[in-house]
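The shown structure was predicted, so the numbers you read here are calculated from the model rather than taken from an experiment. For the single chain, residues carry numbers from 1 onward in sequence order.
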Amino acid sequence: MLLMFSVMFFPSSFAEPTVKIVFEQTTFHYCDKLFYSIEVSEVTGDNAVIFIRDESGRSSSGIPISISESITPVPSPNPFEKGVFPLGKYFIDVEYGEAKDTAEFELQDSEKPCISIAVKSILSNWLSGNISDGFLLDAIERFVDREIISIPYEINESNVYDIDIPEWFKNVGFWWVEGFISDETFANAVNYLLKNEIITNTSQGEGS
């Protein structure tokens, strides 16, 4: 009788753990951050390993994710950027021991202005006084689409130190870096200052 009991009930305790990728949304746009959760039926002490691949089959290297709870949120530290992530479908493959799962999401374009995260890093240096006004404007000219922020003159070696941005605009820059205002609001503010010549270029009109 004891042997029969063992045969009947022991196998279930050795069931392989399962893993599942769960999205709150499956459509993302540029400037959005990828977010999903990994759900496991059992915490084994192993890491989950994820791979992100595109429609062509190109895949990232394995990214280990520490699993200490049955549900592990996985937020991306950086947003999707044009020039880095083409539009289309993407797949996330996860391996957890012998268990595997795949889920897909789609990256779509949006009319919402999206400014590269690189500009936030440079603007933070400007806020700290590490770079000049002209170098900030040069970064905006290089990294931001002209349809989002239109600088009416070229920034070059001869005028990069002649650019003057009002000190009070640092408040706007801080609000944007901290996420209190959107890319669109920040872009509108910069365009307003440029259009109304509140951001000045003292080299203009001097024949340079």
Side-chain angles (χ1 to χ4, degrees), residues 25 27-36 52 54 56 58-61 63 73-88 90 105-208:
Q25 65 183 74
T27 300
F28 296 87
H29 303 91
Y30 289 127
C31 280
D32 289 343
K33 292 184 177 181
L34 180 64
F35 181 86
Y36 58 95
I52 301 178
D54 60 20
S56 70
R58 291 177 299 181
S59 176
S60 69
S61 56
I63 304 169
V74 185
S76 172
N78 299 316
F80 291 108
E81 289 195 48
K82 287 184 178 180
V84 178
F85 293 93
L87 300 175
Y90 289 83
F105 65 90
E106 186 167 4
L107 181 60
Q108 298 180 351
D109 205 352
S110 172
E111 295 181 359
K112 178 178 67 174
C114 177
I115 299 175
S116 169
I117 193 172
V119 178
K120 284 192 175 183
S121 176
I122 295 168
L123 194 140
S124 293
N125 277 312
W126 175 71
L127 291 173
S128 300
N130 296 327
I131 62 173
S132 70
D133 296 352
F135 279 103
L136 172 62
L137 215 60
D138 178 61
I140 290 174
E141 187 175 55
R142 291 172 184 272
F143 292 107
V144 181
D145 194 310
R146 289 186 60 85
E147 293 183 1
I148 298 175
I149 296 179
S150 178
I151 299 175
Y153 42 80
E154 181 184 353
I155 309 298
N156 51 49
E157 292 181 359
S158 66
N159 66 10
V160 69
Y161 292 106
D162 299 321
I163 307 300
D164 183 64
I165 300 174
E167 184 72 16
W168 57 261
F169 187 72
K170 287 188 174 181
N171 290 328
V172 178
F174 174 80
W175 295 334
W176 178 59
V177 168
E178 293 298 316
F180 299 135
I181 62 175
S182 67
D183 287 8
E184 183 175 13
T185 300
F186 176 75
N188 288 341
V190 176
N191 283 324
Y192 177 84
L193 267 61
L194 288 165
K195 181 178 180 181
N196 291 279
E197 298 184 354
I198 299 171
I199 293 178
T200 59
N201 177 3
T202 58
S203 68
Q204 285 188 307
E206 297 180 359
S208 57

Please check this pair: side chain of Asp164 against backbone of Asp133, looking for a donor-acceptor N/O pair closer than 3.5 Å.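 Judged by distance alone, no pair lies under 3.5 Å.
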Are the side chain of Ser128 and the backbone N or O of Ser124 linked by a donor-acceptor pair below 3.5 Å?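 A pair under 3.5 Å: yes.
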Are more than 12 heavy atoms from other residues, nucleotides or ligands located less than 6.0 Å from atom OH of Tyr161?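 Atom OH in Tyr161 is not crowded, with 12 or fewer foreign heavy atoms closer than 6.0 Å.
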Residue pairs, two or more places apart or on separate chains, that pass disulfide (SG to SG under 2.5 Å) and touch [range]:
{"range": "residues 153-191", "answer": "none"}
{"range": "residues 113-196", "answer": "Cys31-Cys114"}
{"range": "residues 125-188", "answer": "none"}

Using the test side chain to side chain contact (heavy atoms under 4.5 Å, CB included), find all partners of Glu154 that sit at least two apart in sequence or belong to another chain.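 Here the qualifying residues are Glu141, Asn156.
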Could I get the full list of side chain to side chain contact (heavy atoms under 4.5 Å, CB included) partners for Glu167, not counting sequence neighbours?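 Glu167: side chain to side chain contact (heavy atoms under 4.5 Å, CB included) contacts with Lys170.
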What heavy-atom pair brings Ser60 and Ile63 nearest, and what distance separates the two atoms?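 Between these two residues, the closest heavy atoms are OG-CD1, 4.2 Å.
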Hey, could you give me the OG/CG distance between Ser132 and Asp138, rounded to the nearest 0.5 Å?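 That separation rounds to 9.0 Å.
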Can you classify the ring geometry of Tyr90 versus Phe80 as parallel (below 30°), tilted (30 to 60°) or perpendicular (above 60°)?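 Rings of Tyr90 and Phe80: tilted, 30 to 60°.
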All salt bridge (charged side-chain N to carboxylate O under 4.0 Å, His left out) counterparts of Asp54, not counting sequence neighbours: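 Arg58.
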